[in-house]
Structures are given as C-alpha cells and as structure tokens.
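Notes for the one structure printed next.
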Amino acid sequence: MAEHNTQAVIHGKDFSMLEEKNLIEIDCKKSLLHSSYLLQSVDKNLGIYKKNEKYYTSRFCGITWLRTEDGEKCMHDKKPVILKISPRFNTLNVNSMLLKIAEDDEFTEYLSWNKSPGERLVTFFFDEEMIEDMKVDDNHNQLIAAYTFLLSLQDITRRPLMSKNIKRTGNFTGKVRGTISIKQNIRNNVLRGHQERIYCRYYEKTEDIPENQILKYALLRVEEYFNHIFSNNKADKAASLIRTCKYRMRHISTVKFQPKDIDHVILPNMYTKYRVVYQMAKVILSEMSVIPENGESQGACIVPYAINMPLLFECYVRALVKEVIKEKEGKSVPKLLKYVSDKSEIMDTMEYGCIEVTKGDKVYISGKIVPDIVLEYTEKEGEKYYRIFDVKYKDFAESQGKNQNRDDRIQLLAYNCIYQSRGKTGHIFPKIDHQDKNDNINENNEKLEEIIIDEDTESKNESPYYVKCFIG
C-alpha cells in the first residue's frame with residue numbers, strides 16, 4: 001500500500017488479482033463492495049469481483065474511494081483508502097490513446113454518453129466525494145473532461161445561451177424605460193435641476209449571467225490546459241473547438257469561479273442539455289485550477305472516474321486504421337465502416353451489408369452482429385468485398401491454449417461467414433513486453449498497414465486466412 005500525502009492508496013492492474021498483502025493492511029473486517037463475475041458494475045469499487053475468496057479487478061481503470069459492502073469507506077491508520085487501477089499493458093499509454101481518439105471524427109460516438117455507466121468510454125462519479133490533494137502522474141480524466149466539455153459547449157453555443165431578466169437602473173433623457181424610481185429621480189435629477197432626465201428601474205434580458213460566466217471561465221482553463229500540457233502534440237480539433245466557443249461567448253464577461261459555485265447552479269427544465277457541460281466544468285475547475293509546471297504534477301481535487309479499457313483500445317485501433325487509410329489516400333484503400341456503440345442495436349444494413357448466412361430456405365447464421373473493424377473494398381468492376389478484424393484487449397500469450405482463445409476464433413469465424421470476407425482476417429491485440437522473445441506470438445504476425453493495404457491481387461480472391469496484429 002502506497003501513501004500520497006494524507007491518502008492511503010491501493011494500486012492494481014486491470015484484469016488482475018488485487019495483492020492480498022495490501023488488503024490485509026486495511027482496518028476493515030467487512031467484505032469489500034464487489035460485483036459478480038458476470039456483471040462487474042463500475043460503481044462497485046471499479047467493478048472488482050470476488051472469486052475463491054480473492055478479489056480481482058475487471059475491465060476498468062481509474063480512481064475511486066475503496067468501500068465496504070455497506071458502502072462505508074475503507075480505512076488505514078484512520079485515513080480513507082483510495083483504489084487506483086492502471087492498465088496492465090506497459091506498452092499502452094492511456095494519455096496518448098485518449099489524445100488520438102479525441103481527434104477522431106467519431107469521438108462523440110465513442111463517448112457513448114447515452115449508455116449506462118460502465119458501458120461508456122469514461123464514467124465520472126459526480127455523487128462521490130472528490131479526492132483532495134491527490135498527486136497523480138497522469139491526467140486521463142482531465143483529457144476526457146476537456147474534450148467532452150468543448151464538444152458539449154460547441155453544441156449549446158449553436159443556439160442562444162441561457163438568459164435571464166436582470167434588474168437594472170439608469171438615467172434616461174426624454175423617455176421612460178420600465179418604471180420611474182421616484183426617490184432616486186428626485187435625488188439625482190430634480191434636486192440638481194435636470195428636469196429633462198428620468199431615473200428609471202427596468203428589467204433587461206441578458207446572457208451575461210453567472211451561469212454562462214462559469215462556462216466562459218472553464219473554457220479559458222481548458223485553453224490554458226492544452227497550451228501547457230500538449231504544446232508538443234497535435235491537438236488541432238481542440239484548438240478549433242476553443243476558437244469557435246470563444247468567439248460565440250465573446251460577449252460573456254470573464255469572472256473567476258470556484259468548483260463549489262457550480263453546485264449552486266439550478267438548471268430550468270428547458271436547459272437539460274447543459275447538465276453534461278456543467279459536470280465537465282466542475283472537473284475542469286477542480287483539477288485544472290493549478291496547471292503543472294515543468295511537466296511535474298501537483299496536488300489537485302479529483303472527481304472519481306473509471307475508463308472502460310477494452311472500449312478505449314477498440315476506439316484507439318479504429319483511429320489508427322483511419323490514419324493508415326488517410327496516409328495511403330489515392331491508392332486502392334478500403335472504407336472503414338462506421339462505429340456502432342451498441343452492437344445489438346438495429347444497424348444500417350446498407351452500411352453493414354449481409355446480416356445472415358442462408359443456403360436455400362435454411363438460415364444458418366443471422367442476427368444483429370457488428371464486428372469491431374469492418375473494411376469494405378471496392379474492385380474496379382464495382383464489386384464489394386469485406387475483411388473483418390476483431391479487437392481484443394487481452395494478453396495473447398496468456399490466452400494461448402485457453403477456452404477464451406477458442407471462443408475468440410469461433411466468434412471471428414462467424415463474422416467471416418456472415419460477411420463472406422476474403423483474404424486476411426484476424427485479431428488485433430495490445431503489444432506485450434515479452435513479444436520479441438516468443439516465436440509463437442510472432443507467427444502470422446503482421447503490421448497494421450499490411451493488413452489494411454494489400455497490394456497482392458491474388459489474395460483478394462482467397463478464402464479468409466488468419467493473421468494477427470499487435471498495437472503498442
């Protein structure tokens with residue numbers, strides 16, 4: 001168990017067993033709050049589950065308070081314990097992955113805010129108490145919050161902002177606006193001999209109100225965040241969003257706010273779209289109040305959060321595939337079919353083509369099946385064919401010879417039958433540290449560019465054959 005300032009922290013890796021020696025140090029005799037193996041609810045200690053009296057992490061990475069089954073905080077030396085789960089693959093950098101997909105044109109679909117917590121790319125626990133004075137070496141939630149805030153702000157600024165009638169007073173010449181303030185009019189005008197002036201009290205509808213000023217201040221914090229943290233990286237999409245939002249909010253005053261000020265904002269029913277942008281603004285004002293200097297992280301208040309790592313890796317691979325296709329533009333490149341956040345929903349059959357395998361009157365395979373990566377190739381004659389790749393956030397070496405590897409291949413076989421694919425097909429895994437020393441891993445291993453751009457015309461007419469690709 002490690003300690004950060006005043007907090008005790010238990011560290012773990014996703015899809016791994018929690019170190020028992022760390023759990024023994026907790027001053028708690030009750031069982032930890034945990035999910036079943038099948039459900040793995042994100043709100044229960046980041047989805048940890050119990051098996052054979054041992055605790056295992058699930059697909060979520062993030063930070064939260066470690067709680068007992070009664071919902072109480074676990075304690076160590078009278079200090080609340082924090083649970084921090086990191087990716088188990090050292091070859092994957094979460095910040096780089098998030099930055100890559102944030103620049104993707106399907107980023108809004110990747111976020112999947114309309115889905116239930118845990119099924120989304122990132123889940124923030126706004127009902128949880130913020131973790132204070134937590135020094136972290138990463139900024140996963142900050143990056144997601146910043147991009148989500150910008151996208152939400154861009155959306156709501158397309159229309160007139162929230163407005164209110166504000167009471168104002170002023171002197172007017174030759175006209176009455178609102179009602180005459182008798183007492184103020186006598187004091188400021190009559191006694192001074194200005195009979196032509198009338199002191200009035202009136203209401204004026206304006207968008208320059210605290211509710212919008214909070215968003216303007218958060219926008220400026222996001223701009224400063226990108227300038228400091230990502231000065232050496234390309235964040236063209238973020239820069240464009242910031243410019244657009246600043247222009248649309250140019251009439252809003254710049255006023256400094258604290259995170260607690262957002263709690264006092266009451267949204268009318270007609271402004272429900274503002275809910276997400278205010279939630280992200282709270283993350284921004286809490287965690288970006290002090291911009292790290294010289295790349296060193298400083299203490300901050302953190303809103304507990306969880307990242308769905310298999311979904312993040314899938315979206316990251318899609319972004320890399322699009323990058324390869326864009327670089328090879330002008331050649332015979334495929335089309336990557338659009339992202340479907342809910343693989344069981346009714347998809348566009350014109351986009352995804354065949355959804356059942358038949359022979360005569362018999363239907364062998366049918367249903368709403370959408371693979372992770374579907375590449376559509378068009379031949380000179382106009383005929384289309386597909387190649388299917390399934391993204392797996394798994395350690396390929398560990399899954400060899402186990403049932404899940406067999407299940408993965410059967411799943412891939414069904415995909416290829418449905419889409420009647422040709423040529424290369426296979427799985428895309430995270431790269432692992434010991435890959436170069438393992439001949440079994442390197443067998444049938446190809447680079448991402450090689451499985452997408454195929455110069456071999458003969459392979460285009462071949463039956464599907466298995467290849468694998470490692471990303472890291």
Side-chain angles (χ1 to χ4, degrees), residues 15 89 91-92 310 313-325 328 332-337 339-340 343 352-357 359 364-367 369-379 383-472:
F15 291 105
F89 296 103
T91 56
L92 296 178
F313 184 63
E314 177 189 339
C315 298
Y316 178 61
V317 171
R318 288 185 63 87
L320 293 179
V321 169
K322 292 180 183 180
E323 195 174 68
V324 171
I325 293 175
K328 300 297 180 179
S332 179
V333 295
K335 170 189 174 185
L336 175 63
L337 299 194
Y339 175 75
V340 177
K343 301 295 176 68
Y352 277 88
C354 177
I355 58 172
E356 65 180 15
V357 177
K359 187 174 182 180
Y364 290 94
I365 302 176
S366 65
I369 300 177
V370 181
D372 297 332
I373 303 292
V374 181
L375 298 174
E376 180 186 271
Y377 296 80
T378 304
E379 297 182 312
E383 182 182 356
K384 295 181 180 180
Y385 67 95
Y386 299 94
R387 286 186 180 172
I388 310 298
F389 295 93
D390 200 24
V391 180
K392 294 296 180 185
Y393 183 72
K394 294 181 177 180
D395 188 327
F396 177 79
E398 292 182 359
S399 65
Q400 283 294 290
K402 295 184 179 180
N403 289 333
Q404 57 258 46
N405 182 260
R406 178 178 180 272
D407 294 341
D408 293 344
R409 288 182 179 246
I410 292 175
Q411 179 188 30
L412 188 63
L413 176 63
Y415 287 158
N416 284 279
C417 286
I418 288 178
Y419 288 90
Q420 301 172 6
S421 62
R422 304 182 201 168
K424 299 174 183 178
T425 187
H427 292 112
I428 300 177
F429 296 97
K431 188 176 181 180
I432 46 184
D433 293 331
H434 49 283
Q435 179 172 331
D436 296 334
K437 300 179 181 179
N438 194 321
D439 294 334
N440 189 32
I441 294 177
N442 294 321
E443 182 182 357
N444 296 331
N445 184 13
E446 295 196 10
K447 296 180 179 178
L448 188 63
E449 182 179 329
E450 295 172 344
I451 67 175
I452 298 174
I453 311 298
D454 194 353
E455 305 291 347
D456 186 1
T457 55
E458 293 184 2
S459 67
K460 298 177 181 179
N461 299 318
E462 292 181 359
S463 298
Y465 62 93
Y466 184 79
V467 297
K468 56 184 180 294
C469 176
F470 293 90
I471 302 295

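Note: hydrogens, waters and symmetry copies are ignored here, and every other heavy atom, side chains too, is used. If you read the sequence from its start, that first residue is 1, and numbering goes on from there.
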Given side-chain contact (heavy atoms from CB on, under 4.5 Å), test D390 with I373 step by step and report yes or no. CA-CA 6 Å; D390 200 24; I373 303 292; over 6 Å; no
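- Note: I388 CD1 to Y419 OH = 6.0 Å, rounded to the nearest 0.5 Å.
- Annotation: salt bridge (charged side-chain N to carboxylate O under 4.0 Å, His left out) contacts of K447 (sequence neighbours excluded): none.
- The two residues K392 and F313 have their closest heavy-atom pair at O-CE2, 3.8 Å.
- Residues that satisfy the side chain to side chain donor-acceptor pair (under 3.5 Å) test with E323, not counting sequence neighbours, are K100.
- Atom CZ in R318 sits 4.0 Å away from atom CG in L336 (nearest 0.5 Å).
- Residues E450 and V467 fail the side-chain proximity criterion, which asks for heavy atoms closer than 4.5 Å.
- Not a single side chain to side chain donor-acceptor pair (under 3.5 Å) links Y316 to another residue, sequence neighbours left out.
- With sequence neighbours left out, N416 forms a side chain to side chain donor-acceptor pair (under 3.5 Å) with S421, T425.
- With rounding to the nearest 0.5 Å, the separation of CZ in F429 from OG1 in T91 is 13.0 Å.
- Interatomic distance, CD of E376 versus CG of L337, reported as 5.5 Å (0.5 Å rounding).
- Relative to the six-membered ring of Y466, R409 meets both conditions, a distance below 6.0 Å and an angle of at most 45° to the axis.
- Between V370 and Y415 the shortest heavy-atom distance is O-OH, 4.3 Å.
- In terms of heavy atoms, L92 sits closest to I471 at CD2-O, 3.7 Å.
- With contacts defined as side-chain heavy-atom distances shorter than 4.5 Å, the pair Y377/K384 does not qualify.
- A 4.5 Å side-chain heavy-atom check between D372 and I428 finds every atom pair outside the cut-off.
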Under the criterion side-chain contact (heavy atoms from CB on, under 4.5 Å), I'd like the reasoning laid out for Y339 against E314: C-alpha separation, chi angles, the key distance, then a yes or no. CA-CA 10 Å; Y339 175 75; E314 177 189 339; 3.6 Å; yes
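- F89 meets the ring pair (Phe, Tyr, Trp, His ring centres under 6.0 Å) test with Y393; sequence neighbours excluded.
- Here the closest non-hydrogen pair linking R422 and Y385 is NE-CB, 3.5 Å.
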